[in-house]
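Here is the structure we will look at, set down as C-alpha cells.
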Protein chains: 2
Amino acid sequence: MSEKLISRSEDFNEWYNSLVLKADLADYGPVRGTMIVKPYGWALWENIQQALDRRFKATGHVNAGFPMFIPYSFLQREAKHVEGFSPQLAVVTHGGGQELEEPIIVRPTSETLIGHAFAKWVNSYRDLPILLNLWNSVVRWELRTKLFLRTSEFYWQEGHTAHATLTEAEFETRQMLDIYTDFAVNEAAVPVIPGEKSPMERFAGADRTLTIEAMMGDSRALQSGTSHNLGQNFAKAFDIKYLDQNNELQYCWTTSWGLSTRFIGAIIMVHGDDQGLILPPRLAPFQTVIVPIYKNDEEKGPVLEATERISRELSANGIRVKVDQRENLSPGFKFNDWELRGVPTRTEIGPKDVAKNSVALARRDQPGREGKQFVSQGGLAATVQALLDSIQQGMLDRAQRFRDENIHSAQNYDEFTEVIKTGFARVWWAGDDTAEQRVQEETKATLRCFPLEQPGGTGRCFYTGKPANQVAIFARAY
Amino acid sequence: MSEKLISRSEDFNEWYNSLVLKADLADYGPVRGTMIVKPYGWALWENIQQALDRRFKATGHVNAGFPMFIPYSFLQREAKHVEGFSPQLAVVTHGGGQELEEPIIVRPTSETLIGHAFAKWVNSYRDLPILLNLWNSVVRWELRTKLFLRTSEFYWQEGHTAHATLTEAEFETRQMLDIYTDFAVNEAAVPVIPGEKSPMERFAGADRTLTIEAMMGDSRALQSGTSHNLGQNFAKAFDIKYLDQNNELQYCWTTSWGLSTRFIGAIIMVHGDDQGLILPPRLAPFQTVIVPIYKNDEEKGPVLEATERISRELSANGIRVKVDQRENLSPGFKFNDWELRGVPTRTEIGPKDVAKNSVALARRDQPGREGKQFVSQGGLAATVQALLDSIQQGMLDRAQRFRDENIHSAQNYDEFTEVIKTGFARVWWAGDDTAEQRVQEETKATLRCFPLEQPGGTGRCFYTGKPANQVAIFARAY
C-alpha cells in the first residue's frame, strides 16, 4: 500500500495489475485463474448490481436462481453453442465419492438450463413473456488471468427471456442494450458505443448480438455488456413451444443479455490516473472519506467530536461516508491511501476547522491545491452532494473527450494501420468473415461493432474497396 | 396450480413436496439433486438476504466474493474437516479440455479458502478483527433431494471472521447466533431454540457449534442456522498468525456461521396450512394482492381505476403490492391461487366498493368469512399495515404455542420414546458419544442442542441414569 504505484503512462498493463491489488479490490485465488473479490471491490460490485437490478425490475424482470451444474449432453443440443463453449469448460466427473454416469459441466452460461426450464413452464401465449434475470458466477477456463478482465470464474448477471414474436424479442434485445448504455453513461461515467457485432463475433447460438464498447485509458477497446437475440435457435433445440390464440403450436423467440465484473475493469481503466483509482460518485463504496487531523489530546477531543457529528449528518443525507480514525498513520499517508482507492471526495477536519466551523473539501479528480476548497460546516451535505454531482459529470465529460479525440476515420489500409496504433478506427466496411479474420491477423485489431448510430449513405470499404453501406469500429481490444 | 393440494395432516411430507412446486417456489434441476429457485421463491430469499445483510453490516461485517473452486489438498490440511466433507464432494477433474494435474473441488463451505486468504492478509494485531460475509452457493452431494431442505447445491451466506483472542471469537460466535435468533423470531415469525450442539453434532473442524433449532408443523426439528467457534484449528492448519502488541507472533482465533435457503423450508413447514403457504408479512414478496372484481365493461373501468389508485397509494407507503389483472380467471380462482402462495392479505375491489369508497380486506391466517372485513379506502395504507403487523404477531404467537405444547419432559427411557413420537423431548443428559449414538439408532431422535437457557441445578440422565448438569433437546429431525 505504501510503495509507489507505477505510472499509468509508463506501463498501462502493469499499472492496472498492481492497482487492482494495491487498492484492495481483488486478489488471486489459489486455483489458477480464479479471483477473490475483496470487500472494497465487492462493495463496488454491489452498487453496480443495485443500479442494474433497479432498471431490470422497473422493466418487469424478476430474479431467480438456477443450478451451477448442467448435464454435458444439454450443451450438445445447440450446435454452435457447444462449438463455442467446449474449449472453456470445467467438467465434474466425480460426486459423492462415485464416478458419475454422465459428466456434468459447471455453467459457462445458462441458455441450455433456461431452455430446458422454459420448455416445461411455457404452455400458452398467456405464459409469455417470461422475463428472468440471474445474479451468479460462471466458469470459462482461462490460463492467463487478468483480474476482473479474464478469470476462470467471474460474477455477472445473465438475463433470459422468452417471447411470442420476433418483434418482441427484438424489442427486448434492444431495450436491454439501452439499459446497459444508460447504466454505463449515467452511473459509471463510461461513455460507450452501442452497436451490433459482426457475424464472426456473435454469441455462440445467437442470430444477433448487440454490444456496448468502451475505450480504455490506453485507447484499447473493452466489450462491456452484450445483448443477444437468440431467434428460435434455443427454442428449437429445447422445444420451447406455446399454443397461440388460434390454438396453434409455435416456437418461442428468446433473448439473453449479460454484464459482468469485467465492468469493474472498465471503470478502473477509463478513469484511473497515476495516483490510482477514480471512482464515479454514484457507484463509489465511499463517496467521501473524513480524515480527522490533530497533533495532541487537547486537539483530538473537539476534532473527533466534529468528525462524528459531520459523519452522522452526511450519512443521514444519503452520502456514503468512511471515517479514517486509524491512530498510527499520518494524515498525508491517509490522503494518498484514499486517493489510491479512488474515493471521490475527502473531508479534512483539523483544530482550525473546528474553530472556524469549516472543513477542507478535496476532490479526487483534481489533485493538489486546485481541487481543495474550504467550506462551511453549515449545509455541508448539500455542498458535498453538489461536488459529487459535479465530479460525476466531469468524469463523463473527460472520458467522452478522450474517446472522441481517439476515434479516427481511415480511408485506406495504410491510414487504418496508423490509426489503430493509438485509437479506434471508424471505417466503411463491406468485408466478409475471411476479410475480417485477415484484418485481425495483420493488425491485431478486431471489428468491435457496427455502431447503432450510422452516418447513412454509402462509402468505400477501406479493406476490400467494395461499396459499403455500414460504418464499423475497429480497435485492439482486451 | 388448479389441482387441490393434499391436506397437511393427511401426509405432511407429500403436502410439503407438492406445495413447493404448486406455489411456484422452486423446481427440480436436470442434474440429480439440483434445484431451480423460481422467481417467487427467489423474491422470498432476497427479502431474507436483506433482513440478514442489514444486521451483518450493522455489526461491522463486510461482504466479499470468494472462488467456488478449492484445491483438493486444501481440504486435507484440517483433519476433521476433510473427514466430515469428503463423502459429499463434487470433483472437477478436467478444465479447458485438459485433465487437471490436481483435482479441484467445488466448495462445500469456504473455511479452507478463507484460511489461505487470512494468512496472507493478516500481519499485525492492527489488521484484526476481519469480519467477512459471503453470499453464494455451495455443493454437498445428495442423492435424495428435498427442495430447500436437501439439495446438492444450495444458497446461503457464510460468515468468516478472525480475531486476536478467544474471548473475541467467542463473543462473535454468540453475537451471530443472537442475530439469527432475532431474524428467525422477528422477521420469519419462527420461534427457535438457541443452543449448543453436542460434540458429535459439531461442524467438522469446530471447537464449539451453536445452533438455532425450530419445530416444524409435524413436530420434527429443523436446524435452521449455525455459528461455529473454530478455535485455532484453521489458524494452525493455514498458518494465520499476527504480531501482537508485544511484537510476538500469535495464532488467530476464527469463527464461521451460516444460514441457508433451508430456512425457506422452515417458513413453509412452520406456518403453512391445508390451503397452502402462509408467509410472514415482513418477508413476503407480496404483502397484499389486489383482486379487481367486475362482471362487464361498464363495471371494469371504474374498478380498474380504483385498483390502480389504491395500488399506487399502498406502494407509496412501502407496502409490497401485487395486482392480479389476469383476464381469463375468476375471482374465486385467484383467491385460492394467492392463498396457496401465502400472500398475507388480499384486497378485493368490486363495483360496490367503488361506490362505497371501501374495499374488502381478507387476512390469510384466518380463512373464510371471519378473516374478512370491509374497510374504508381512506387511510387504507395504515389499515393494511396494522393488519400486517397483527398477522406477523399472530403467526409468531401461534407457532410459539404449538412449539411449547409439543415439548415434553421425560424422566426415563419409556417416557422418552413416547414423547419423541409427537414432539421434542426435554431431558437431563449426561451421556457420551456412544450413548448419544445409541439413542439415535434406537429412537431415530437426535440431540438437537443444549438450550442456552438452562434450568440450573442437576438432574438424572434419562438414559444413563448418571447425574447430569445440563438439559438437552432431542427430536426426530429433517
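Because the structure is a prediction, the values reported are computed rather than measured.
- Using a 4.5 Å cut-off between heavy atoms, Arg32(B) makes no contact with chain A at all.
- Among the candidates Thr34(B), Asn136(B), Leu132(B), Asn63(B), the residue making the largest number of heavy-atom pairs closer than 4.5 Å to chain A is Asn63(B).
- Side-chain contact check for Tyr72(A) versus Ile104(A): every heavy-atom pair is 4.5 Å or farther apart.
- Both the backbone and the side chain of Ile36(A) come within contact range of chain B, with heavy atoms under 4.5 Å apart.
- With a 4.5 Å cut-off on non-hydrogen atoms, Phe74(B) touches chain A through its side chain but not through its backbone.
- Per-residue counts of heavy-atom pairs under 4.5 Å with chain A were compared for His94(B), Arg140(B), Glu327(B); the largest is that of His94(B).
- The candidate with the highest count of non-hydrogen atom pairs below 4.5 Å against chain A, out of Lys38(B), Glu102(B), Met35(B), Gln88(B), is Lys38(B).
- A donor-acceptor pair under 3.5 Å is formed between the side chain of Gln157(B) and the backbone N or O of Leu259(B).
- In this structure, Glu111(A) and Phe238(A) have side chains that are not in contact, with every pair of non-hydrogen atoms separated by 4.5 Å or more.
- With chain A as the partner, the residue from Val92(B), Val139(B), Val62(B), Ile105(B) showing the most heavy-atom pairs under 4.5 Å is Val92(B).
- Annotation: side chain of Phe154(A) is not in contact with side chain of Phe148(A) (no heavy-atom distance under 4.5 Å).
- Within the 3.5 Å criterion, the main-chain N or O of Thr151(A) finds no donor-acceptor partner in the side chain of Lys146(A).
- For Leu113(A), the part lying near chain B is the side chain, with the backbone staying farther off; criterion is any non-hydrogen pair under 4.5 Å.
- Contacts between Trp121(B) and chain A at a heavy-atom distance below 4.5 Å involve the side chain alone, from C-beta outward.
- Remark: side-chain polar atoms of Arg55(A) are paired, donor with acceptor, to backbone N or O of Ala51(A) under 3.5 angstrom.
- A side-chain donor-acceptor contact under 3.5 Å links His81(A) to the backbone of Ala204(A).
- Between chain A and the options Gly33(B), Gly29(B), Pro39(B), Ser137(B), the largest number of non-hydrogen pairs under 4.5 Å is found for Pro39(B).
- Neither the backbone nor the side chain of Phe85(B) comes within contact range of chain A; no heavy atom of the residue lies under 4.5 Å from a heavy atom of that chain.
- Contacts with chain A were tallied for Lys120(B), His116(B), Glu46(B), Met68(B); Met68(B) has the most, counting heavy-atom pairs under 4.5 Å.
- Proximity to chain B is limited to the side chain of Ala117(A), based on heavy atoms less than 4.5 angstrom apart.
- At a 4.5 Å heavy-atom cutoff, Leu143(B) makes no contact with chain A through either its backbone or its side chain.
- In this structure, Lys334(B) contributes its side chain and Arg326(B) its backbone to a donor-acceptor pair below 3.5 Å.
- With contacts defined as side-chain heavy-atom distances shorter than 4.5 Å, the pair Tyr242(A)/Asn123(A) does not qualify.
- Chosen from Gly97(A), Pro30(A), Pro71(A), the residue pairing most often with chain B at heavy-atom distances under 4.5 Å is Pro30(A).
- Side-chain contact between Ser315(A) and Val321(A): present, with at least one pair of heavy atoms (C-beta onward) separated by less than 4.5 Å.
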